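These notes concern the structure reproduced below.
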Amino acid sequence: IQLCSNFKQSLDFLKDNEIDFAVLDINLGSETSVPIAEKLKDQGIPFIFATGYSDSRVIPESLSDVKIVSKPFTQENFSIIDQLMDKKTS
């Protein structure tokens with residue numbers, strides 16, 4: 001598990017590491033995680049968006065199929081992650 005606290009750190013980590021799954025906070029202050037999500041999608045890496053706000057309006061149509069979970073996390077949120085990880089390994 002790696003926590004990246006900003007856009008640049010996320011891109012650097014993605015470039016230099018193999019990733020199995022990602023949880024992306026949509027709102028990164030003055031930026032969004034949409035460009036990171038697009039890179040993950042291009043590489044076939046499963047991910048979800050997490051948000052504590054109703055900021056799903058910033059998600060482009062090309063990413064509209066990505067699951068969005070609300071913070072704080074619940075057991076149901078973790079079930080979604082389990083399902084996505086199961087899809088990747090099957």
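One is the number of the first residue; the rest follow in order along the sequence. Quick caveat: nothing in here was measured; it's all calculated off a predicted structure. The figures here come from the full heavy-atom set of this structure, side chains too, leaving out hydrogens, waters and symmetry mates.
- To the nearest 0.5 Å, atoms SG (Cys4) and CG (Leu14) are separated by 9.0 Å.
- Separating the CD1 atom in Ile59 from the OG atom in Ser33 is a distance of 7.5 Å, to the nearest 0.5 Å.
- A distance-only check finds no donor-acceptor pair linking the side chain of Lys41 to the backbone of Phe47 [under 3.5 Å].
- Atoms OG1 and CG, from Thr51 and Leu24 in turn, are 11.5 Å apart once rounded to the nearest 0.5 Å.
- Taking every heavy atom of both residues into account, Pro35 and Thr32 meet most closely at CD-O, 3.6 Å.
- The 12-atom threshold is not exceeded at NZ of Lys39, counting heavy atoms of other residues, nucleotides or ligands nearer than 6.0 Å.
- When the shell of 6.0 Å around CD of Gln43 is examined, it contains more than 12 heavy atoms from other residues, nucleotides or ligands.
- The CD1 atom of Ile36 sits 10.5 Å away from atom CG of Asp25, with the distance rounded to the nearest 0.5 Å.
- To the nearest 0.5 Å, the span separating CG on Leu3 from CD on Gln9 amounts to 7.0 Å.
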*Verdict with reasoning, Leu63 to Val34, per side chain to side chain contact (heavy atoms under 4.5 Å, CB included)*: CA-CA 8 Å; Leu63 297 172; Val34 169; 4.0 Å; yes
*Ile45 and Phe21: side chain to side chain contact (heavy atoms under 4.5 Å, CB included), yes or no, with the steps?*
CA-CA 6 Å; Ile45 300 169; Phe21 186 82; 5.7 Å; no
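- Atom CG of residue Asn17 and atom CG of residue Asp12 lie 10.0 Å apart, to the nearest 0.5 angstrom.
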